[in-house]
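Data first, discussion second: the structure below is written as structure tokens.
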Amino acid sequence: MEPIEPIVTRFPPSPTGNLHVGGARTALFNWLYARRHGGKFILRMEDTDRERSKQEYVDAILDALTWLGIDWDEGPHFQSRRGPIYAEYIQRLLDTGNAYYCTCPPEVLERKRKAALEKGQNPVYDGTCREKSLAPREGAVVRLKSPKTGATVFEDRVKGPISTPNSQLDDLIIARSDGSPTYHLAVVVDDITMGVTHIIRGDDHVSNTPRQIAIYKALGVEPPVYAHVPMVLGPDKKRLSKRHGAASVTEYREMGYLPEAIVNFLARLGWSHGDQEFFTVDELEEKFSLENIGKSAGVFDPARLLDLNADHMRAADTSRLAGLLIPHLEKRGVTVEDRARLKDAVETLKPRAKTLEDMAESALFYFTPIARYEEKGDKKFLKAEFLPALELLSAELEDVDVANQEAVEAAFGAVMEQTGLGFGKIAQPVRVAITGKTASPGMFETMRVLGNENVKSRLKNAIAYIKAKEQG
RNA sequence: GGUCCCAUCGUCUAGUGGCCUAGGAUAUCGGCCUCUCACGCCGAAGACACGGGUUCGAGUCCCGUUGGGACUACCA
């Protein structure tokens with residue numbers, strides 16, 4: 001069932017914190033849906049909470065979305081700047097008899113609520129002012145005159161039909177005593193005036209939906225299509241939050257994750273396309289659909305993200321990876337002046353790195369002298385037993401260009417013949433000598449990228465090191 | 001308390017009444033490959049929450065139970 005009208009979706013974060021992975025997924029779904037159907041994606045800041053909304057969070061959210069590659073066709077709009085529009089709609093509701101002023105004191109309301117709760121009754125507003133036709137007055141709030149009978153039904157595109165008895169619906173406050181709009185009113189007015197056709201949001205909003213539909217009806221506007229996507233949970237099955245570790249998109253950037261991997265992972269958390277796990281962003285745009293969103297909440301599993309990131313690293317363009325790696329190297333005090341060499345290094349590390357951080361760590365030996373040998377490798381391979389092999393290799397390599405793999409292989413061959421050792425026996429000590437570690441990319445590519453100077457001097461250093469060690 | 005939503009391996013999921021002896025991925029374990037690591041390959045273990053229906057036949061439909069969750073503000 002394809003939409004006939006051009007579709008319009010939106011993402012309305014509150015700038016009260018960084019972009020959360022749950023929010024990022026909601027943004028992604030809205031964006032993908034709009035892109036998939038050639039529609040429009042709007043960004044809107046719900047910044048009516050003056051206390052907690054901060055400009056730095058606006059910037060952080062924009063930055064995180066941009067990093068993920070989620071761009072918007074309109075906005076960002078700011079609710080804080082739309083006061084007159086809300087006032088106009090509130091007045092319209094008042095004029096048409098769909099809303100009324102209420103002067104019930106908050107304390108009284110609170111008392112009634114408690115009493116109702118104790119008696120096991122539903123704590124909805126009792127309608128004291130509903131039929132009083134009160135005139136505007138200082139300190140009065142405006143309430144929506146909600147339907148009291150029947151039921152509100154809507155067809156959720158992921159959950160199916162959802163029906164709520166109207167007896168549950170409160171005469172909710174749409175304007176505070178200071179005249180400012182409440183959340184429900186603002187959302188509905190925004191979505192109407194911005195022409196939003198599809199609302200894709202977290203399923204913590206399903207029970208809010210009938211309230212909002214009541215506002216649409218009071219306004220005489222056809223409600224949009226709703227699609228409520230399940231929550232993202234932490235490993236303890238509780239709603240994902242900071243205490244589960246990294247919860248904001250920015251943190252993943254810092255940990256060296258690729259944006260396309262995050263996007264892929266987020267898309268697959270709750271949505272599926274048969275058995276496919278790996279998706280490029282283009283593929284997602286092409287295949288995303290509301291129909292294939294699951295109904296139940298999903299746990300954010302960092303292990304899966306890590307694995308998926310490794311897949312995307314392998315698939316990524318080497319030059320791009322090299323560029324992305326630079327900040328992670330600089331963090332470790334490495335300044336890269338030879339971009340071509342960096343690219344060669346990345347090429348060798350690509351199949352074995354899980355993140356950019358991981359890759360930077362593994363790449364260190366290419367760019368900085370060996371400070372100290374890894375303990376395990378030192379004990380096992382930098383000892384007298386391998387001294388002849390290292391010395392022979394050092395000599396064989398003297399006039400050889402390490403970039404010439406054939407020549408290097410020949411040098412190794414000569415050492416193998418003279419010592420009677422197999423390649424594996426020789427390679428490990430050499431590896432420790434030139435990389436400082438027991439694990440590295442293949443011997444020949446490692447040498448090639450390291451370069452003549454490094455290889456030869458490090459071999460000599462290791463030989464001297466062993467000799468010194470043996471002499472006590 | 002009320003209303004609403006949800007329920008397949010540890011985790012993400014496929015499954016839309018017979019193709020299910022429940023598939024894939026990830027994580028775990030074992031093996032292979034191999035100059036190390038990683039990749040890759042092979043294999044093991046691992047799930048339809050429970051109980052009733054409906055049906056010739058139910059993971060799939062209905063009801064109930066249990067267990068999770070959301071909402072129930074002059075927050076969003």
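Below, chain A is the first sequence line, B the second, and so on; all start at residue 1. Side chains included, hydrogens not; waters and symmetry mates left out as well; all remaining heavy atoms used.
- Across all strands shown, G64(B) is found opposite C50(B) as a Watson-Crick or G-U wobble partner, with both distances under 3.5 Å.
- Across all strands shown, Ser296(A) has heavy atoms under 4.0 Å from sugar-phosphate atoms exclusively, and none from any base.
- Across all strands shown, Val299(A) has heavy atoms under 4.0 Å from sugar-phosphate atoms exclusively, and none from any base.
- Taking 4.0 Å as the cut-off between side-chain N and carboxylate O, Glu396(A) and Lys456(A) do not count as a salt-bridged pair.
- Contacts of Glu277(A) with the nucleic acid, taken as non-hydrogen atoms under 4.0 Å apart, include base atoms.
- For the P atoms, the distance from C74(B) to U28(B) is 50 Å, rounded to whole Å.
- Looking at heavy-atom distances under 4.0 Å, Thr209(A) makes no contact with the nucleic acid at all.
- Judged by the 6.0 Å and 45° rule, Arg268(A) forms no cation-pi pair with Phe265(A).
- Gly442(A) comes within contact range of at least one nucleobase, with a heavy-atom separation under 4.0 Å.
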Would Trp271(A) and Leu266(A) count as a side-chain contact (heavy atoms from CB on, under 4.5 Å) here? Give the steps. CA-CA 9 Å; Trp271(A) 172 84; Leu266(A) 255 22; over 6 Å; no
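- His184(A) comes within contact range of at least one nucleobase, with a heavy-atom separation under 4.0 Å.
- Counting to the nearest Å, the C1' atom of U13(B) and the NE2 atom of His273(A) are 14 Å from each other.
- Base contact: Pro106(A) has a heavy atom under 4.0 Å from a base atom.
- Contact annotation: Ser272(A) side-chain N/O to A14(B) OP1/OP2 distance is under 4.0 Å.
- Across all strands, Ser14(A) comes closer than 4.0 Å only to sugar-phosphate atoms, never to a base (heavy-atom distances).
- Nucleic acid contact class of Ser177(A) (heavy atoms, under 4.0 Å, all strands): base.
- Stacking of Arg431(A) on the aromatic ring of Phe381(A) is not recorded, the 6.0 Å distance cut-off and the 45° axial limit not both being met.
- C37(B) and C29(B) are spaced 15 Å apart, taking the P atom of each and rounding to whole Å.
- When the P atom is used for both G10(B) and C6(B), the distance is 23 Å, rounded to whole Å.
- One finds a side-chain N or O of Arg113(A) lying less than 4.0 angstrom from the OP1 or OP2 phosphate oxygen of A73(B).
- One finds a salt bridge joining Asp191(A) and Arg44(A) here, because a Lys/Arg side-chain nitrogen approaches an Asp/Glu carboxylate oxygen to under 4.0 Å.
- Within the nucleic acid shown, Gly270(A) comes within 4.0 Å of sugar-phosphate atoms alone, with no base atom in reach, counting heavy atoms only.
- Nucleic acid contact for Asn208(A): base, since at least one base atom lies under 4.0 Å from a heavy atom of the residue.
- Residues His312(A) and Phe278(A) bring their aromatic ring centres within 6.0 Å.
- Within the structure, a side-chain polar atom (N or O) of Lys238(A) is placed less than 4.0 Å from OP1 or OP2 of G69(B).
- Taking atom P on both nucleotides, C62(B) is separated from C4(B) by 16 Å, rounded to a whole Å.
- At a threshold of 4.0 angstrom between heavy atoms, the contacts of Lys237(A) are confined to the sugar-phosphate backbone, with no base atom among them.
- Listed pair Thr48(A) / A76(B) meets the phosphate criterion, a side-chain N or O lying under 4.0 Å from OP1 or OP2.
- Within 4.0 Å of Pro441(A), counting heavy atoms only, lies at least one base atom of the nucleic acid.
- In this structure, the CD1 atom of Ile174(A) is 17 Å from the P atom of A73(B), given to the nearest Å.
- G40(B) and C56(B) have their P atoms separated by 49 Å, given to the nearest Å.
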